[in-house]
Amino acid sequence: MNEEEKTLVEILEESNPIDLTKYITYVSAPQAGAIATFSGTTRDTFEGKTVVELRYESYVPMAIRCMKSICLSARSSWNLHSIAVAHRLGTVPVGETSVFIAVSAVHRADALDACKFLIDELKASVPIWKKEVYSNGEIWKENSEFIERRLELGKKDGICSGREAQVKAHDTRTCCRAKVKVDDGEGIADTSTSK
């Protein structure tokens, strides 16, 4: 089996719970001495507000490409056997899992480090958007990893993150090996992508 055959990436568009056992079984292997998992669940409060549910939306083709690219990056850094990544879209009630990652490797250090890398990179760069629904309102949320990455890219490209920053409309950059149009510092997915 090649590396791509040992990687399962899924965006679940129905509102059914993620089958954690399916992904753990997928990465299980006799040669794997370790399986590391991450389960991101909807918590009931955020900054003193009562959370009712989370709602996720995505540009699915780009999200899948980005997640596969992140998996390839993990494989280039750690000695991994199998990787499984699943993310739900739609409504995710309190206590249910919205994202699940399972990684198997011969040694635990590789599995644990790769699992952390995968969730951090997913939160920083995959086009999946989250709305938090509270008992008294709702708000679209940016992941802190996404904000940090945007600031890092701005510094690297010489773009200030303050109001004085001027980004040319329709400036094109690459994110997760896909062309992205940049308009006023915000990434807008372009329909043409590269592999």
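One is the number of the first residue; the rest follow in order along the sequence.
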Contact summary for [X] and [Y], nearest pair of heavy atoms:
{"X": "Y59", "Y": "W129", "answer": "N-CZ3, 3.3 Å"}
{"X": "P93", "Y": "T42", "answer": "O-CB, 3.3 Å"}
{"X": "A111", "Y": "A105", "answer": "N-CB, 3.9 Å"}
{"X": "I70", "Y": "S125", "answer": "CD1-OG, 3.7 Å"}
{"X": "Y26", "Y": "K6", "answer": "OH-C, 3.3 Å"}

Find out if a path of hydrophobic residues (ILVMFWY) with successive side-chain heavy-atom gaps under 4.5 Å connects [X] to [Y].
{"X": "V94", "Y": "V133", "value": "no"}
{"X": "W78", "Y": "L122", "value": "yes"}
{"X": "M67", "Y": "F117", "value": "yes"}
{"X": "L112", "Y": "I83", "value": "no"}
{"X": "L12", "Y": "L20", "value": "yes"}

Sequence neighbours left out, what passes side chain to side chain contact (heavy atoms under 4.5 Å, CB included) with [X]? Give chain and number order.
{"X": "A29", "value": "Q31, A32, H81"}
{"X": "T25", "value": "T21"}
{"X": "A63", "value": "I11, S58, V126, P127, I128"}

Only distances under 3.5 Å count here; give the side-chain donor-acceptor pairs of residues 44-53 to other protein atoms, sequence neighbours excluded, each with its distance to 0.1 Å.
| from | atom 1 | to | atom 2 | distance (Å) |
| --- | --- | --- | --- | --- |
| E53 | OE2 | R55 | NE | 2.8 |
| E53 | OE2 | R55 | NH2 | 2.8 |

Exam field: side chain S28 to backbone I24, donor-acceptor pair closer than 3.5 Å: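 Here the side-chain-to-backbone pair exists.
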- prompt: Does K68 reach the side chain of I64, with side-chain heavy atoms less than 4.5 Å apart?
  reply: yes
V103 side chain reached by F38 side chain, heavy atoms, under 4.5 Å: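 Not touching, per the 4.5 Å side-chain cut-off.
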field: Inter- and intrachain pairs under salt bridge (charged side-chain N to carboxylate O under 4.0 Å, His left out), touching residues 77-106, at least two apart
entry: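 Every pair satisfying salt bridge (charged side-chain N to carboxylate O under 4.0 Å, His left out) with a residue in residues 77-106: R88-E96.
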task: With sequence neighbours excluded, give me every salt bridge (charged side-chain N to carboxylate O under 4.0 Å, His left out) pair touching residues 18-40.
output: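 Listed once each, the pairs are E10-K22.
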- prompt: Could you give the distance from NZ (K130) to NE2 (H87), rounded to the nearest 0.5 Å?
  reply: 8.5 Å
message: Let me confirm one number: the CD-CD distance from E57 to E13, rounded to the nearest 0.5 Å.
response: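 These two atoms lie 11.0 Å from each other.
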message: If we check side-chain contact (heavy atoms from CB on, under 4.5 Å) with L54, which of these qualifies: E132, R43, E138?
response: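 Exactly one candidate clears the test, E132.
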query: Taking only residues at least two apart or on different chains, which pairs with a member in residues 97-110 satisfy side chain to side chain donor-acceptor pair (under 3.5 Å)?
result: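 Counting only pairs at least two positions apart or across chains, the side chain to side chain donor-acceptor pair (under 3.5 Å) contacts touching residues 97-110 are S39-T97, Y56-S98.
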